[in-house]
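Data first, discussion second: the structure below is written as structure tokens.
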Protein chains: 2
Amino acid sequence: MKHLSTLTATTLLSLSLAGGAIAADMKPEEQILTRQAGYKFMSWNMGKIKANLEGNYNQEVVEKAAAAIAGIANSGMGALYGPGTDKAVNGVETRVKPELFTNQKEVGKVAGDFVAAANNMAEVATKGDKAETKQAFGALGQSCKACHDQFRQD
Amino acid sequence: MKHLSTLTATTLLSLSLAGGAIAADMKPEEQILTRQAGYKFMSWNMGKIKANLEGNYNQEVVEKAAAAIAGIANSGMGALYGPGTDKAVNGVETRVKPELFTNQKEVGKVAGDFVAAANNMAEVATKGDKAETKQAFGALGQSCKACHDQFRQD
């Protein structure tokens, strides 16, 4: 699991860069709605993987769901937490905690762990080993939870 | 462009399979919200690619945005057009036209073209050739528009 907890300079750089080009042009409420869309779509795909691990295992479904999650995870969602997105704005609610905007070091760590876990899941899913996939899925779920516990209101 | 208009049996199969495992468990309104989340997140990434093609070109941003779009495109969104999702339900609106649920042949074609264009875009983006990327991006945009024109209300 070492590779999941090691946050490299490259990862940090890509977290900040990958979405940076457009965030300044988006209204705060649009940033909130867009990040929520990303989480919602990832959640659907997490559900598909879970259903496959608990029932009939279809490698293609799992592989494609994992690729969708990894694609979203790597797309620079950090850029969607711009100024003014720390609380409800123009009727758009958010569950983000204020700490996300002040504890950059910890945010970088949980975000980096999440991206690493998503990439690992996508890679493992291509092999078709259900037990290994289950382990990678568990690690990915933990990386989601680590952020929710610290930076999302109940 | 031949590869964009040729819909293979494999593509059709994966369109129907990749999301099928979980759709039956989702309420119609949740299916609508989830497909809208996918489109919204793809739209953000399309915007990033457009901004890069029109301004300073950052290959990493474009490559990751294209990978996110391809990941979502391949995730079996067809499963999110289940029974009862053809019109507003429990306060959740949709712009889908009735034709999407009756003209399966044409839906299969536009969906297959879209997936092929998204995969082509993701592959081309890794090469870093701005002109080639611009062409692939144009083709991807056209494949989005082809569906909107036929199956989305204004």
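What's counted below: heavy atoms across the whole structure, side chains too, no hydrogens, waters or symmetry copies. The chains referred to below are lettered A, B, ... by the order of the sequence lines, with proteins before strands, and numbering in each begins at 1. The structure displayed is predicted, hence computed values, not measured ones.
Summarising the local packing, CG of A:D149 is surrounded by more than 12 heavy atoms from other residues, nucleotides or ligands at distances under 6.0 Å. By the 6.0 Å contact criterion, CD on A:E132 is enclosed, its count of non-hydrogen atoms from other residues, nucleotides or ligands being greater than 12. Other residues, nucleotides and ligands place more than 12 heavy atoms under 6.0 Å from the NZ atom of B:K40. For B:E106, the CD atom is densely surrounded, since the number of other residues' heavy atoms within 6.0 Å is greater than 12. Atom NZ of A:K97 has more than 12 heavy atoms from other residues, nucleotides or ligands within 6.0 Å. Annotation for A:K127: atom NZ counts as buried by contact number, over 12 foreign heavy atoms lying within 6.0 Å.
Residues B:F41 and A:M77 are in side-chain contact: their nearest non-hydrogen atoms beyond the backbone lie under 4.5 Å apart.
Put simply, CG on A:D25 and NZ on B:K48 are 12.5 Å apart, with the number rounded to the nearest 0.5 Å. Note: B:I69 CD1 to A:I72 CD1 = 11.0 Å, rounded to the nearest 0.5 Å.
The candidate from B:E30, B:R35, B:K50 with the greatest count of non-hydrogen atom pairs under 4.5 Å with chain A is B:E30. Interface remark: of the candidates B:A70, B:G55, B:A37, B:A122, B:A37 forms the most heavy-atom pairs closer than 4.5 Å to chain A. In terms of non-hydrogen atom pairs under 4.5 Å with chain B, the most contact-rich of A:A66, A:S43, A:G38, A:A67 is A:G38.
Summarising the geometry of B:S75 relative to A:N45, their closest heavy-atom pair is CB-OD1, 3.8 Å, with the distance given to 0.1 Å.
Residue A:L33 touches chain B through both its backbone and its side chain, counting heavy-atom pairs closer than 4.5 Å.
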